[in-house]
Trainee: 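Take a look at the following structure, please.
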Amino acid sequence: MNPIALAIHGGCGVLPKSDLTEEEWAQARTDLAVALRAGWSIIEGGGSALDAVEAAVVVMEDSPHFNAGHGATLNEQGFHELDASIMDGASLAAGAVALARHIRNPIRAARAVMESGEVVFIGAEAADAFARDHGLDMVEQAYFTTRRRVDALAAMKARVVAGTVGAATEAEKHGTVGAVALDRHGHLAAATSTGGFTNKAVGRIGDSPVIGAGTYARDGACAVSGTGQGEFFIRHAVAHEMASRVAYLGETVETAAAKIIHGDLAKYGIGAGLIAVGADGSVTLPFNTPGMFRGWVTPDGQTHVATHK
Ligand code: ASP
């Protein structure tokens, strides 16, 4: 039987262990495990990698512990603008939304854009209108807002005044959720969803909805979802770079990812991580921050979740 594989991340902006109670850490790990099971049950049953990555991301968007959907970061004006994308490695079909303000699950909207078959990328009010027209769940902004993100915005604003933004921890700044999968038919898929950066400019779009930067999947090469300062992922076309290294240099996903995260991106001093699955089912989850929420399933069906190094 062909191998199947699944990996997820909840962003490389993980809080120091001491900042959450044991109960909160346990809840975050539980939500990662639920996301893994949601995706794994689909591919284990012969379903598609595309459905699996969407299902896993929906669980993390609904969790308050990650920066996507409910629990997303606030921008400089104190509201949410959400970005998401999804890609099918079999057909190279892809869909993305950026700057969405009322779509409960932006990844579902990205999928709907992909299925529409007409365009790949829809932004701002048009993304919300598209989702509404396609019958997706729409919510008020307050649905996305959590106490932690309100506090993080206030702390970041104080840092701007004090001139200490550079000393902000990765956790104060950002996060993202993503999933990559290989199904029994040998097809790869990737999905990513984010609230972006705390205190980001209104209208700022990161790498997460940009196909080739934060998300990419191509059968025979790999599926990739990134997390970290999006501007650098866009400049380096990180997710596509992964696929190129694997396809043209014959590197394993592990080698390619290490070269990008610990090589190409190292000189910028930014937080960065990614998850990738290769056409053979091999999985890699590198990051350069103190932690990255992450999970993977080993071929025997065992789920694994981790937060710090
Ligand atoms: N990549 C996201 C962005 O730049 C943030 C993150 O992954 O932490 O919007």
Side-chain angles (χ1 to χ4, degrees), residues 7-15 28 32 57 60-61 63 65-69 71-76 79-87 96-101 106-107 110 121 123-124 127 144 148-149 152-153 156 165 168-180 190-216 224-242 257 260-261 264-265 268-276 285-294 307-308:
I8 61 171
H9 71 83
C12 66
V14 172
L15 293 161
L32 287 172
V57 166
M60 292 185 283
E61 286 180 335
S63 165
H65 300 294
F66 313 112
N67 174 15
T73 51
L74 290 156
N75 66 14
E76 62 179 3
F79 63 90
H80 307 275
E81 291 190 311
L82 310 178
D83 302 336
S85 66
I86 191 164
M87 185 161 186
V97 292
L99 308 175
R101 296 187 185 177
I107 199 65
F121 206 163
F144 302 118
R148 192 186 309 151
R149 298 303 182 192
L153 180 63
M156 196 60 81
V165 171
T169 63
E170 296 300 324
E172 283 174 82
K173 290 190 284 197
H174 63 109
T176 285
V177 307
V180 292
T192 311
S193 179
T194 191
F197 267 68
T198 300
N199 204 32
K200 69 183 181 180
V202 173
R204 179 264 186 189
I205 301 170
D207 60 313
S208 306
V210 179
I211 296 300
T215 304
Y216 197 71
V224 184
S225 172
T227 169
Q229 195 163 346
E231 284 69 18
F232 295 87
F233 280 69
I234 294 172
R235 290 172 188 159
H236 280 264
V238 164
H240 185 268
E241 183 82 351
M242 276 289 299
I260 293 171
I261 298 298
D264 299 350
L265 297 180
Y268 305 115
I270 57 158
L274 63 77
I275 53 171
L285 309 93
F287 54 97
N288 67 6
T289 50
M292 179 167 87
F293 287 114
R294 59 204 187 278
T307 55
H308 296 81

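The analysis underlying the following values was restricted to heavy atoms, covering all of them including side chains, and did not include hydrogens, waters or symmetry mates. Counting starts at 1 for both ligands and their atoms, in listed order.
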Trainee: Drop me the distance from F66's CZ to T227's OG1, to the nearest 0.5 angstrom.
Mentor: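 F66 atom CZ to T227 atom OG1 measures 12.0 Å (nearest 0.5 Å).
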Trainee: If only atom types and distance count, is the side chain of S193 paired as donor or acceptor with the main-chain N or O of I107 below 3.5 Å?
Mentor: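 No: the side chain of S193 does not pair with the backbone of I107.
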Trainee: May I ask whether G11 places a heavy atom under 4.0 Å from ligand 1?
Mentor: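 No.
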Trainee: Is the backbone N or O of G195 less than 3.5 Å from a side-chain atom of K200, with the two atoms forming a donor-acceptor pair by type?
Mentor: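 Checked: pair present.
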Trainee: Considering both backbone and side-chain atoms of G206, is one of its nitrogen or oxygen atoms within less than 3.5 Å of a nitrogen or oxygen in ligand 1?
Mentor: no
Trainee: Going by atom types only, do T192 and S208 share a side-chain donor-acceptor pair under 3.5 Å?
Mentor: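 Short answer, no.
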Trainee: Before signing off on this row, confirm whether R204 and ligand 1 have an N or O atom pair separated by under 3.5 Å.
Mentor: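 Between R204 and ligand 1 (N or O atoms, distance only) the closest approach is under 3.5 Å.
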Trainee: Consider every N or O of D207 and every N or O of ligand 1, then say whether any pair is closer than 3.5 Å.
Mentor: yes
Trainee: Give the numbers and elements of all ligand 1 atoms closer than 4.0 Å to a heavy atom of G196.
Mentor: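 In order of number, 9 (O).
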Trainee: Taking 4.0 angstrom as the limit and counting only heavy atoms of G175, give me the atoms of ligand 1 inside it, by number and element.
Mentor: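 What qualifies from ligand 1 is 5 (C), 6 (C), 7 (O), 8 (O).
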Trainee: Does any N or O of ligand 1 fall below 3.5 Å from an N or O anywhere on G230, backbone included?
Mentor: yes
Trainee: By number and element, which atoms of ligand 1 are closer than 4.0 Å to a non-hydrogen atom of T227?
Mentor: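 Listed by number with element: 6 (C), 7 (O), 8 (O).
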Trainee: Taking all atoms of both residues into account, what is the closest heavy-atom pair of T73 and G196, and its distance?
Mentor: OG1-O, 3.4 Å
Trainee: Between R294 and H9, is there a donor-acceptor pair closer than 3.5 Å when you use the side chain of the first and the backbone of the second?
Mentor: no
Trainee: Can you tell me which portion of C12 lies within the under-4.0 Å heavy-atom range of ligand 1? Options are side chain, backbone, both, or neither.
Mentor: neither
Trainee: Ignoring angles and geometry beyond distance, decide whether Q229 reaches within less than 3.5 Å of ligand 1 through its nitrogen or oxygen atoms.
Mentor: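 So ligand 1 has no N or O lying under 3.5 Å from an N or O of Q229.
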Trainee: Do side-chain atoms of D83 reach the backbone of T194 as a donor and acceptor pair under 3.5 angstrom?
Mentor: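 Pair absent, no side-chain N/O of D83 close to backbone of T194.
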Trainee: For H65, give me all partners under ring-ring contact (aromatic ring centres under 6.0 Å, His included), at least two apart in sequence or on another chain.
Mentor: none
Trainee: For G214, is the nearest heavy atom under 4.0 Å from an atom of ligand 1?
Mentor: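 Outside the 4.0 Å threshold, so no.
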Trainee: Is it true that a side-chain atom of H80 and a backbone atom of N75 form a donor plus acceptor pair closer than 3.5 Å?
Mentor: no
Trainee: Testing the basics here: between A84 and P209, what is the closest heavy-atom pair and its distance to 0.1 Å?
Mentor: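 Looks like O-CB, 3.7 Å.
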Trainee: Please report which non-hydrogen protein atom sits nearest to atom 7 (O) of ligand 1, along with the residue it belongs to and the distance in Å to one decimal place.
Mentor: T176 OG1, 2.5 Å
Trainee: Any atoms of ligand 1 less than 4.0 Å from a non-hydrogen atom of S208? List them with their elements.
Mentor: 1 (N), 2 (C)
Trainee: What atoms of ligand 1 come within less than 4.0 Å of a heavy atom belonging to F197?
Mentor: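 Within the 4.0 Å cut-off of F197, ligand 1 contributes 4 (O), 5 (C).
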Trainee: Does any N or O of ligand 1 fall below 3.5 Å from an N or O anywhere on G226, backbone included?
Mentor: no
Trainee: Of the protein's non-hydrogen atoms, which lies at the shortest distance from atom 8 (O) of ligand 1, and what is that distance?
Mentor: H174 ND1, 2.3 Å
